[in-house]
Amino acid sequence: AKVFGNKPEHFLIDPQGLITEQKANDVLRFLEIHSSDSRFPIYPVVLGRDQKIPASFDIENVHREWFGKHPAILLIYYFDDPESLKILVNREVQSEIPSTVLEKITNITIREAKAADNGPDQLEKIVIELSIQAFWLEKLMDRQPLTFLPETVTSPIDVSATVQDLQDE
């Protein structure tokens with residue numbers, strides 16, 4: 001639980017140094033740029049593949065303590081195990097989006113991560129994809145028409161959906 005003590009000073013939380021220094025620097029620079037362009041800063045926490053957050057530990061409470069009502073994204077990444085990826089946003093964000101949106105974002109992000117061969121590259125793909133998804137999440141929350149990306153950025157499907165359309169699904 002030490003990992004989840006105080007609010008992080010940097011966007012990348014890798015207490016065990018599992019991500020190589022060069023890749024960590026690249027990811028950190030990307031996250032800094034992303035945060036200057038998005039109202040959803042991304043905070044990846046990198047844990048060992050075999051580590052698990054105890055069921056009794058309230059990770060959503062950590063999100064509340066760290067970010068309050070700020071729409072930050074807390075990402076739990078188990079090194080070299082993208083299937084275990086967890087993405088958390090605050091209750092205010094959850095209440096403004098259809099319940100399936102976060103699950104879809106998680107599934108798309110996992111699929112992108114699985115295209116990489118190793119943990120550091122997976123993390124890089126995760127933050128890039130999550131940055132793209134955060135852009136669409138902002139549009140969704142702003143109640144603007146949006147183009148949904150059900151597969152990847154290279155194959156967008158323009159459905160010009162509104163939030164109401166999505167909630168009716």
Side-chain angles (χ1 to χ4, degrees), residues 3 8 10-53 59-60 63 67 71-90 93-94 96-142 144-161 163 166 169:
V3 171
H10 304 285
F11 291 104
L12 178 61
I13 303 120
D14 181 16
Q16 299 167 72
L18 296 171
I19 306 299
T20 61
E21 185 176 356
Q22 180 60 49
K23 187 65 74 174
N25 288 336
D26 292 347
V27 168
L28 186 55
R29 273 193 298 277
F30 179 84
L31 291 169
E32 289 167 350
I33 292 167
H34 165 82
S35 73
S36 67
D37 293 336
S38 174
R39 69 174 183 246
F40 286 97
I42 300 169
Y43 290 84
V45 176
V46 181
L47 300 175
R49 180 185 181 103
D50 297 324
Q51 290 180 304
K52 295 295 173 210
I53 296 172
I59 192 69
E60 289 184 10
H63 191 289
F67 309 116
I73 296 172
L74 182 60
L75 165 72
I76 308 298
Y77 169 62
Y78 295 94
F79 189 79
D80 206 23
D81 184 14
E83 291 282 344
S84 297
L85 185 73
K86 292 189 182 2
I87 298 173
L88 295 105
V89 294
N90 66 27
V93 171
Q94 290 175 24
E96 290 190 40
I97 60 175
S99 59
T100 58
V101 169
L102 202 55
E103 182 182 339
K104 287 178 183 176
I105 289 172
T106 302
N107 290 338
I108 291 167
T109 305
I110 288 170
R111 186 170 52 244
E112 286 300 305
K114 287 167 70 174
D117 293 332
N118 60 60
D121 289 346
Q122 287 174 357
L123 178 64
E124 184 175 52
K125 285 188 171 293
I126 287 167
V127 297
I128 291 169
E129 183 60 35
L130 200 47
S131 175
I132 293 164
Q133 295 300 324
F135 169 77
W136 296 110
L137 188 56
E138 284 183 39
K139 290 188 93 153
L140 178 63
M141 290 186 65
D142 289 343
Q144 297 175 2
L146 60 113
T147 301
F148 239 93
L149 301 180
E151 298 303 322
T152 66
V153 175
T154 57
S155 61
I157 296 173
D158 183 359
V159 293
S160 299
V163 171
L166 293 170
E169 288 182 355

> Stepwise, does the side chain to side chain contact (heavy atoms under 4.5 Å, CB included) test hold for L123 with L12?
Replying inline: CA-CA 10 Å; L123 178 64; L12 178 61; 3.9 Å; yes
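- Salt bridge annotation for K114-E83: present, with a cationic side-chain nitrogen under 4.0 angstrom from a carboxylate oxygen.
- Residues passing the side chain to side chain contact (heavy atoms under 4.5 Å, CB included) test with A134, sequence neighbours excluded: H34, S38, F40, I73.
- For the atom pair I59 CD1 and I53 CD1, the distance stands at 4.0 Å (nearest 0.5 Å).
- Nearest heavy atoms, F79 versus G119: CE1-CA, 3.7 Å.
- N90 is linked by a side-chain hydrogen bond (donor to acceptor under 3.5 Å, both in side chains) to nothing, counting only residues two or more places apart in sequence or in another chain.
- Residues meeting the ring-ring contact (aromatic ring centres under 6.0 Å, His included) test with F67, sequence neighbours left out: Y43, H63.
- In this structure, P71 and P41 approach most closely via the heavy-atom pair O-CD, 4.1 Å.
- Scored by the salt bridge (Lys or Arg N to Asp or Glu O under 4.0 Å) test, K86 finds no partners at all (sequence neighbours excluded).
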> Which is it for V101 and L137 under the side chain to side chain contact (heavy atoms under 4.5 Å, CB included) test, yes or no, and what are the steps along the way?
Replying inline: CA-CA 8 Å; V101 169; L137 188 56; 4.0 Å; yes
> Which is it for I76 and L74 under the side chain to side chain contact (heavy atoms under 4.5 Å, CB included) test, yes or no, and what are the steps along the way?
Replying inline: CA-CA 7 Å; I76 308 298; L74 182 60; 4.3 Å; yes
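- Take Q51 and apply the side chain to side chain contact (heavy atoms under 4.5 Å, CB included) test, not counting sequence neighbours, and it matches Q16, L47.
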>> For E112 and I126: C-alpha separation, side-chain torsions, deciding distance, then whether side chain to side chain contact (heavy atoms under 4.5 Å, CB included) applies.
In response: CA-CA 7 Å; E112 286 300 305; I126 287 167; over 6 Å; no
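- Qualifying side-chain hydrogen bond (donor to acceptor under 3.5 Å, both in side chains) partners for R39, counting only residues two or more places apart in sequence or in other chains: D142.
- Of all non-hydrogen atoms in Q94 and V89, the two that sit nearest each other are NE2-O, 3.0 Å.
- Not a single side-chain hydrogen bond (donor to acceptor under 3.5 Å, both in side chains) links N107 to another residue, sequence neighbours left out.
- Scanning for side chain to side chain contact (heavy atoms under 4.5 Å, CB included) contacts around T106 gives I87, I110, with sequence neighbours left out.
- Between the OH atom in Y77 and the CG atom in L18 there is a gap of 9.0 Å [rounded to 0.5 Å].
- Shortest non-hydrogen contact noted between I42 and S131 is CD1-N, 3.7 Å.
- For the atom pair CD1 of I105 and CG of L140, the computed distance is 8.0 Å after rounding to the nearest 0.5 Å.
- Partners of Q22 according to the side chain to side chain contact (heavy atoms under 4.5 Å, CB included) rule, which considers only residues two or more places apart in sequence or in another chain, are D26, R29.
- Nearest approach of I19 to P120, heavy atoms of both residues: CD1-CA, 3.9 Å.
- With rounding to the nearest 0.5 angstrom, the CG atom of L85 is 13.0 Å from the CZ atom of R111.
- For the salt bridge (Lys or Arg N to Asp or Glu O under 4.0 Å) test, no residue two or more places apart in sequence or in another chain qualifies with D37.
- R49 meets the salt bridge (Lys or Arg N to Asp or Glu O under 4.0 Å) test with no other residue; sequence neighbours excluded.
- Residues forming a salt bridge (Lys or Arg N to Asp or Glu O under 4.0 Å) with K23 (at least two apart in sequence, or on another chain): D121, E124.
- Nearest heavy atom pair, residue Y78 against residue G48, reads CD2-O, 3.6 Å.
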